[in-house]
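Following: one structure in structure tokens, then a few remarks.
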There are 2 protein chains.
Amino acid sequence: MNIGLLLFIPSREVENRILAAVVAAGFEVTQAQARVLMRVGRDGTRLTELAEAAQVTKQTAGFLVDQLEKVGYVERVPDPTDGRARLVRVTDRAKEAVPVANAEMARIEAEWEQHIGKRRMGQLREALEMLGEITDPYR
Amino acid sequence: MNIGLLLFIPSREVENRILAAVVAAGFEVTQAQARVLMRVGRDGTRLTELAEAAQVTKQTAGFLVDQLEKVGYVERVPDPTDGRARLVRVTDRAKEAVPVANAEMARIEAEWEQHIGKRRMGQLREALEMLGEITDPYR
DNA sequence: TTGTTTTAGTCAGATGCTCTGATTAAAGTA
DNA sequence: TACTTTAATCAGAGCATCTGACTAAAACAA
């Protein structure tokens with residue numbers, strides 16, 4: 001079986017379940033918004049960086065940040081080091097979603113480990129981290 | 001690092017590169033169309049089955065099959081066993097894309113094996129196949 | 001300093017993919 | 001036969017994404 005599909009299936013499982021958990025906890029956010037939100041750093045991140053990290057155009061990132069801003073999950077503040085730029089920052093309200101997402105992620109990992117064993121989980125993670133070195137465009 | 005993201009990055013790499021190779025070979029097809037096309041079986045597949053396999057609604061599958069039909073990559077024939085249904089079949093023209101996709105897949109796997117080693121590739125595949133047992137909704 | 005080029009972001013417009021809800025026709029069932 | 005389920009389509013809508021054009025600030029070159 002095609003390794004692309006083998007990778008895709010569990011990755012979608014993770015995405016779907018984490019989003020479902022966050023939505024169930026009362027956060028109204030879409031998959032696309034979440035992908036952008038996930039990439040916002042501690043001290044704020046520029047739109048251009050978000051676009052690169054999420055693999056979308058600046059326009060798309062801007063569109064999604066507009067929506068996130070409208071519902072109060074991010075805010076835009078001026079970048080003190082560059083008059084053209086603004087920093088996107090996660091609000092306290094949105095930060096409350098983090099533990100929800102982490103808990104679901106831990107649950108998924110536990111289920112997987114239960115099924116394939118601790119050893120194989122370790123091998124899986126090791127192989128994926130190394131693959132990231134050659135497939136991740138953001139590092 | 002989040003294992004969902006670790007899985008997603010190489011899976012996207014595979015999808016992007018295979019699509020790019022197929023498009024470069026002169027086939028005009030989109031990612032969404034390709035995902036449906038990939039699921040059409042040897043002797044034809046019903047729209048409903050395609051929708052399930054590709055994780056989309058029947059309407060979406062129908063929309064994509066319409067486009068694929070328009071450019072001549074699939075055809076719809078009556079299902080002899082059920083008057084309501086029709087079978088979607090891949091045309092000879094579209095079948096020519098298969099070796100192109102396979103060649104690119106082989107190239108990717110070779111690159112990965114070069115980077116992480118044969119042993120880890122084997123472990124990766126084994127772990128993913130086992131994970132498929134609990135995460136793949138179509139088996 | 002002034003002029004040119006690059007960079008950060010936005011505006012406008014279009015397309016593509018996906019969904020929900022309603023409908024038609026055939027098949028299966030009581 | 002009458003009812004229910006299934007396969008597919010029609011109609012309408014929303015979201016995500018893109019390309020191209022633009023503005024303003026910053027960086028750089030002469």
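It should be emphasised that the depicted structure is a prediction, and the values quoted were computed from it without experimental measurement. Each chain gets a letter, A, B and so on, in the order the sequences are listed, and its residues count up from 1.
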Backbone of A53(A) reached by a side-chain donor or acceptor of R39(A) within 3.5 Å:
yes

Using heavy-atom distances to pick each residue's nearest nucleotide on DNA chain D, tell me which of T57(A) and G83(A) is more 5'.
T57(A)

Positions of residues 23-34 of chain A (non-hydrogen atom under 4.0 Å from DNA chain D), listed by number:
T30(A), A32(A)

Throw together a table of side-chain donor-acceptor distances under 3.5 angstrom for residues 94-107 of chain A, partners on residues two or more places apart or in other chains.
| unit_1 | atom_1 | unit_2 | atom_2 | d |
| --- | --- | --- | --- | --- |
| E104(A) | OE1 | R107(A) | NH1 | 2.3 |
| E104(A) | OE2 | R17(A) | NE | 3.0 |
| E104(A) | OE2 | R17(A) | NH2 | 3.0 |

Pairs flagged by side-chain hydrogen bond (donor to acceptor under 3.5 Å, both in side chains) wherever residues 22-36 of chain A is involved - sequence neighbours left out
E15(A)-R35(A), Q33(A)-Q67(A)

Mark yes or no for whether T91(B), through its side chain, and Y73(B), through its backbone, hold a donor-acceptor pair below 3.5 Å.
yes

Quick check on side-chain contact (heavy atoms from CB on, under 4.5 Å): which of V74(B), L64(B), V88(B) does E69(B) satisfy it with?
V74(B)

Quick check against the 3.5 Å criterion: does R125(A) have a side-chain atom that pairs as donor or acceptor with the backbone of M1(B)?
yes

Expected output: side-chain R120(A) to main-chain H115(A) donor-acceptor under 3.5 Å
no

Students should find that the hydrophobic cluster of V77(B), defined by side-chain heavy atoms under 4.5 Å apart, otherwise consists of L87(B)

Take the protein atom CZ of F63(A) and the nucleotide atom P of dC11(C), then report the distance between them rounded to whole Å.
13 Å

Distance-only, no hydrogens or angles: does the T60(B) side chain make a donor-acceptor pair with backbone N or O of V56(B) under 3.5 Å?
no

Could you give the start and end, 5' to 3', of the contact zone on DNA chain D for chain A, using atoms under 4.0 Å from its heavy atoms?
dA16(D) to dA26(D)

Check: G41(A) main-chain N/O paired with T45(A) side-chain donor or acceptor under 3.5 Å:
yes

Please produce a list of atom pairs where a protein N or O lies less than 3.5 Å from an N or O of nucleotides 6-10 of chain C.
| unit_1 | atom_1 | unit_2 | atom_2 | d |
| --- | --- | --- | --- | --- |
| dT7(C) | O4' | R84(A) | NH1 | 3.4 |
| dT7(C) | O2 | R84(A) | NH1 | 2.6 |
| dG9(C) | OP1 | R86(A) | N | 3.1 |
| dG9(C) | OP1 | R86(A) | O | 2.9 |
| dG9(C) | OP2 | L47(A) | N | 3.3 |
| dG9(C) | OP2 | T48(A) | N | 2.8 |
| dG9(C) | OP2 | T48(A) | OG1 | 2.6 |
| dG9(C) | N7 | K58(A) | NZ | 2.5 |
| dT10(C) | OP1 | R76(A) | NH1 | 3.4 |
| dT10(C) | OP1 | R86(A) | NH2 | 2.5 |
| dT10(C) | OP2 | R76(A) | NH1 | 3.3 |

